[in-house]
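As structure tokens, the structure follows; a few thoughts come after it.
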Amino acid sequence: MKKIILSILVIAAIIGCSSSRKDTNNIKRQKTAIANDTIRIANDSLEYEITIIEPGFQFWLSSQPPRGYYAQSAMEITNNMRVIEYNLRVQNPLRYDPTLYPWRIAYDNKIDYGYEVNYMLHNYFLFFEQKYNQRLL
């Protein structure tokens, strides 16, 4: 089974994902816990977890389009492109601030992480781009 760990440490954001099978009903089994500026989403049946620890993200997220506004396939495409660009910046610390791009993101576009993970990753990238004046696309 593949282990996927996404670690974005701007102030600190850690996203981990792993899965070896698809589940179309995964949203029903997801548990979400939100405390302070920490958002955690876990799905035991798919064995993934996404945790975002970033001051202001939860407040910013509440002003964004709601779940269901974007199609999962559209978010998967943009997430994949942003992950590729992000990882290129991780590999080039002389050109890009290593405090913004500390670790490589392991995101496999062949794995169905489900709607919730893609929604949170999509929105985190938008937040990251806006807050730190970065353009990943």
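Note that the numbering runs from 1 along the sequence shown for the chain. In this text, all values refer to a predicted model and were calculated from it rather than measured experimentally.
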- Pair N118, Y107: side-chain N/O donor-acceptor within cut-off below 3.5 Å: yes
- Task: List, by chain and then residue number, the residues other than M81 in its hydrophobic cluster (Ile/Leu/Val/Met/Phe/Trp/Tyr, side-chain heavy atoms under 4.5 Å); write none if there are no others.
- Result: I77, L137
- How many angstroms lie between CG in L136 and OH in Y86, if you round to the nearest 0.5 Å? 9.0 Å
- Query: Roughly how far apart are M120 CE and Y115 OH, rounded to 0.5 Å?
  - Reply: 11.5 Å
- Note on the structure: Contacts of F127 meeting ring pair (Phe, Tyr, Trp, His ring centres under 6.0 Å) (sequence neighbours excluded), chain-then-number -> F57, W60
- Write out all pairs satisfying salt bridge (charged side-chain N to carboxylate O under 4.0 Å, His left out) with one or both partners inside residues 68-81, taking only residues at least two apart or from two chains. none
- Message: Can you tell me how far apart NE2 (H122) and CD (Q64) are? Round to the nearest 0.5 Å.
- Response: 8.5 Å
- Can you sort out the partners of N87 under side chain to side chain contact (heavy atoms under 4.5 Å, CB included), two or more places apart, ordered by chain and number? V83, R104, I105
- Query: Can you say whether the rings of F128 and Y132 are parallel (under 30°), tilted (30 to 60°) or perpendicular (over 60°)?
  - Reply: tilted
- Message: Which heavy atom of G114 sits nearest to which heavy atom of D112, and what is that distance?
- Response: N-OD1, 2.9 Å
- Message: How long is the straight-line distance from CZ of R135 back to CZ of R82, given to the nearest 0.5 Å?
- Response: 10.0 Å
- Query: Are the side chain of N123 and the backbone of L61 linked by a donor-acceptor contact shorter than 3.5 Å?
  - Reply: no
- Message: Going by the rule side chain to side chain contact (heavy atoms under 4.5 Å, CB included), which residues pair with P65 if we only count those two or more places apart in sequence or in a different chain?
- Response: Y69, Y70
- Pairs meeting criterion salt bridge (charged side-chain N to carboxylate O under 4.0 Å, His left out) with involvement of residues 84-103, two or more places apart: E85-R89
- Task: To the nearest 0.5 angstrom, please state how far the CG atom of N92 sits from the CG atom of L88.
- Result: 8.5 Å
